[in-house]
Each structure stands twice: as C-alpha cells, then as structure tokens.
Number of protein chains: 2
Amino acid sequence: MFSKSTEYALRATIFIARQSSIHKKVNIREIAEGIGAPKYFTAKILQQLSNKNVQIVSSISGPAGGFFIKEEASKRPIYNVIEAMQETHIIEDCVLGLPNCNEKTPCSMYKPYKDVKKGLLSIFKDKSIQEIANSKDRLIPIKIPNSKKP
Amino acid sequence: MFSKSTEYALRATIFIARQSSIHKKVNIREIAEGIGAPKYFTAKILQQLSNKNVQIVSSISGPAGGFFIKEEASKRPIYNVIEAMQETHIIEDCVLGLPNCNEKTPCSMYKPYKDVKKGLLSIFKDKSIQEIANSKDRLIPIKIPNSKKP
DNA sequence: ATAATTAAAGATATTTTTATCCTTAATTGT
DNA sequence: ACAATTAAGGATAAAAATATCTTTAATTAT
Ligand code: FES
Ligand code: FES
C-alpha cells in the first residue's frame with residue numbers, strides 16, 4: 001500500500017515507542033535490526049521523523065544517546081507518521097489517478113471508494129502510536145538468530 | 001494508491017469499454033488523449049492488457065484496426081485489471097510491509113485492516129468493467145480544448 | 001585533551017518506475 | 001504490388017525510489 005520508506009517509518013516508530021515505554025533509547029543499528037530494514041536507509045527515514053516541524057521521534061547524539069519518543073508524541077495518531085512521510089495522497093487521492101477527487105468531479109470509483117477511504121483513514125487516525133506499540137504483535141519479517149547486516 | 005501504470009490501465013480499460021459498447025474501435029492516440037495519459041506509455045500498458053493469458057482488451061492491426069473489449073471480457077470485474085498489472089499486493093499485503101499477512105502472524109494493523117481490506121477488494125470485485133463503463137463519470141483530468149501531444 | 005559513540009548531513013550508487021523512440025509485422029485499400 | 005495505417009516489440013532515456021557510504025558534529029567518559 002505505502003512505499004517502503006513509509007513502511008519502515010511506521011515500523012520504526014512503533015519499535016522506538018516500545019523501547020521508550022521502558023525508558024530505553026535505541027540506536028540505528030538496534031532499530032534497523034529490530035524492524036528488519038536496511039540500516040542506512042532507516043537512518044535517513046529517522047531524520048525525516050525527528051527533524052523538522054514533525055517531531056515524532058526525538059534523538060540525542062553521543063554515547064548513551066539514540067532515538068526515543070516523548071510521552072506526548074506517543075499519544076499522537078499513527079496517521080501523523082504517514083503525514084510526515086508525505087504519503088496521505090495514497091489514501092486521499094483518486095483511485096484512477098485523476099486530480100480533484102471530490103463530490104463535484106467524481107470518477108466512477110468515487111462513490112464506492114468514499115466509505116472505504118473513511119475506514120482506511122480511521123484505522124490510522126483512531127489509534128495512537130502508544131496504543132499500537134502496546135500490542136505485542138511482530139514488527140519484523142522472521143526471527144533471525146544472528147543476522148549479519150554490518 | 002496504485003502505480004501510474006495501473007491507474008492508466010484502469011482508465012484505458014474503462015475508456016475502451018465505453019467505445020466498444022457502441023462498437024467503435026479506438027487507436028492508441030485516441031485512448032491516450034481520452035484518458036489524459038502519455039501515448040507511448042499507454043501503448044505499453046495496452047500490450048500488458050491485450051497480450052498474454054490476460055485478454056482484457058483485444059486489438060487488431062492495420063487501418064480500421066485498434067483496441068476493443070469483447071462482450072465477455074467486459075463482464076469481468078475491474079479487479080482483473082489490477083491482477084493483470086500485478087498490483088493486487090497493494091491491497092492484499094501487510095500495511096507495515098511484513099511478509100505473511102495472516103491470522104497466524106499478524107502485525108499491529110492486521111485486525112483493523114482486515115475489514116477495510118474486504119471493503120477495498122469488494123469495490124473492485126463487485127463491479128464489472130461494463131457497469132463502470134456505463135457510468136458517465138470522467139476519465140480525464142480536465143477538458144483540454146486542443147491538446148498538443150504529438 | 002583525547003578517544004569512543006552516537007546521530008546529522010551530504011554524496012554517491014543501484015534499482016525500479018515512468019516515459020519515449022524506433023523498427024517490425026499485420027492489415028487494409030488502391 | 002504498393003502505400004497507408006495500425007499495433008507489437010525492442011531499445012533507450014529520464015526520473016524517482018531505494019540503498020549505501022563518507023564526513024561532520026554532538027555527547028560522554030576517561
Ligand atoms: S475522483 Fe476518483 S476516487 Fe475520487
Ligand atoms: S500482517 Fe500487517 S496488515 Fe497483515
């Protein structure tokens with residue numbers, strides 16, 4: 001559904017939130033391994049999530065540093081991650097790729113998609129990062145005993 | 001939601017179906033202009049939809065040739081176009097990008113997405129190409145009086 | 001002060017997607 | 001047979017997404 005960037009962003013956010021709930025900061029290597037994503041690419045995505053006006057994740061440099069999520073940020077909906085990655089269009093835009101998806105200029109899919117869109121939006125808007133992090137569902141493809149991504 | 005390829009594929013299929021309903025064959029130029037898509041790229045997509053075991057659209061070379069959709073093909077669900085473009089994964093796969101999206105190995109989004117996925121699949125599976133073509137909703141971005149895509 | 005550890009930032013590389021062009025084959029009308 | 005029109009197929013180009021590497025800055029501990 002989303003790009004790999006956004007998939008990694010969602011997984012990373014949930015992963016960090018879980019560690020932050022036990023007041024543990026995590027570094028890039030831990031995050032990348034924890035979500036089964038390429039390390040350097042994950043680093044780039046974390047810049048997007050931490051930097052900016054976004055402020056979904058926070059970070060501190062140096063030893064004992066790393067990434068974490070503030071209490072208040074973890075209460076925000078996971079939808080904010082999709083916004084930060086600038087991919088709300090994947091849900092919001094016309095299914096046929098036409099501009100101006102609205103009541104006035106609908107395509108053939110507008111009506112049937114209307115309710116689906118609502119449902120899709122609500123699954124990301126109705127749950128906070130914290131709530132999703134609290135579930136102990138997997139965030140990683142498969143158990144890798146000793147992965148070697150240096 | 002889908003790739004540009006699939007968006008064009010959906011629009012082209014509906015466009016051709018409309019013309020076929022009045023027994024009119026259309027050529028690449030007419031299709032590309034009719035759906036507001038790049039001509040050569042549209043041609044490549046039509047190969048995917050006509051060629052193969054897919055057979056959603058049919059074509060005939062030479063003067064008075066062009067693309068059309070057979071009666072029986074137009075009764076198939078629009079979902080077949082998404083299958084032909086090999087993008088069912090966009091609906092079917094894990095929202096977080098994890099492999100093996102199923103009851104046994106769910107991610108945090110599995111349950112909330114389950115019903116949305118059903119709705120999403122049904123809007124493409126429950127309507128035939130013909131039915132969608134019969135609606136006279138737009139298939140093109142905006143009215144272009146005299147577009148110049150040579 | 002120095003060394004070690006961490007993220008930030010910038011540069012580069014690879015792959016995929018999107019888009020275009022050119023040649024060939026099929027069909028039609030003259 | 002020949003010219004015109006159309007799609008098919010192959011080659012190439014351009015842009016975007018994905019991925020990696022290198023250097024710099026910040027922080028900590030010694
Ligand atoms: S105009 Fe196509 S889904 Fe809204
Ligand atoms: S496992 Fe994630 S949505 Fe199915």
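Convention: sequence-line order gives letters A, B, ...; per-chain numbering from 1.
- Distance from the side chain of B/P38 is smallest for C/dT20 among the nucleotides C/dT20, D/dA7, C/dT6.
- Rounded to whole Å, the distance from CD on A/E87 to P on D/dT18 is 8 Å.
- Nucleotide C/dT6 holds its P atom 15 Å from the CZ atom of A/F68, rounded to whole Å.
- Not a single donor-acceptor pair under 3.5 Å links the side chain of A/K117 to the backbone N or O of A/I91.
- The nucleotide whose nearest atom lies closest to any side-chain atom of B/P63 is, among D/dC21, C/dA7, C/dT28, C/dT28.
- Closest to the side chain of B/K4, from the set C/dT18, D/dA8, D/dA7, is C/dT18.
- Checked against D/dA19, D/dA8, D/dT20, the side chain of A/Y8 finds its nearest nucleotide in D/dA19.
- Rounded to a whole Å, the NZ atom of B/K25 is 12 Å from the C1' atom of C/dT28.
- Following rounding to the nearest Å, B/F41 (CZ) and D/dA16 (C1') show an atom-to-atom distance of 13 Å.
- At least one donor-acceptor pair under 3.5 Å links the side chain of B/S74 to the backbone N or O of B/E71.
- Between the CG atom of B/L46 and the P atom of D/dG9 there is a distance of 13 Å, given to the nearest Å.
- Distance CZ (A/F2) to P (D/dA16): 22 Å, rounded to an integer number of Å.
- Shortest non-hydrogen contact noted between A/T88 and A/E83 is CG2-CG, 3.6 Å.
- A/E30 pairs in a salt bridge (charged side-chain N to carboxylate O under 4.0 Å, His left out) with only one of the listed residues (A/K24, A/K25, A/R18), which is A/K24.
- Residue A/Q47 places no side-chain atom within donor-acceptor reach of the base of C/dA7, judged by atom type and a 3.5 Å distance cut-off alone.
- The interatomic distance linking B/Y40 (OH) with D/dG10 (P) rounds to 18 Å, in whole Å.
- Taking atom CD on B/Q48 and atom C1' on D/dG9, their separation rounds to 13 Å, with Å as the unit.
- Note on B/V57: nothing from the nucleic acid sits closer than 4.0 angstrom, heavy atoms only.
- Using a 4.0 Å cut-off, some side-chain N or O of A/N51 falls inside it from OP1 or OP2 of C/dA9.
- Side-chain proximity of B/K44 to C/dA9, C/dT18, D/dG10: nearest is D/dG10.
- Among the atoms of the strands shown, only primed sugar atoms or phosphate atoms (P, OP1, OP2) are found under 4.0 Å from some heavy atom of B/I28.
- Each of D/dA8, C/dT6, C/dT27 was ranked by its minimum atom distance to the side chain of B/I60; first place goes to C/dT27.
- Closest-nucleotide positions on DNA chain D for A/S61 and A/S3 were compared, and the one nearer the 5' end corresponds to A/S3.
- Remark: the backbone N or O of A/I69 is paired with a side-chain donor or acceptor of A/S20 at under 3.5 angstrom.
- The phosphate of D/dT6 (OP1 or OP2) has no side-chain N or O of B/S59 nearer than 4.0 angstrom.
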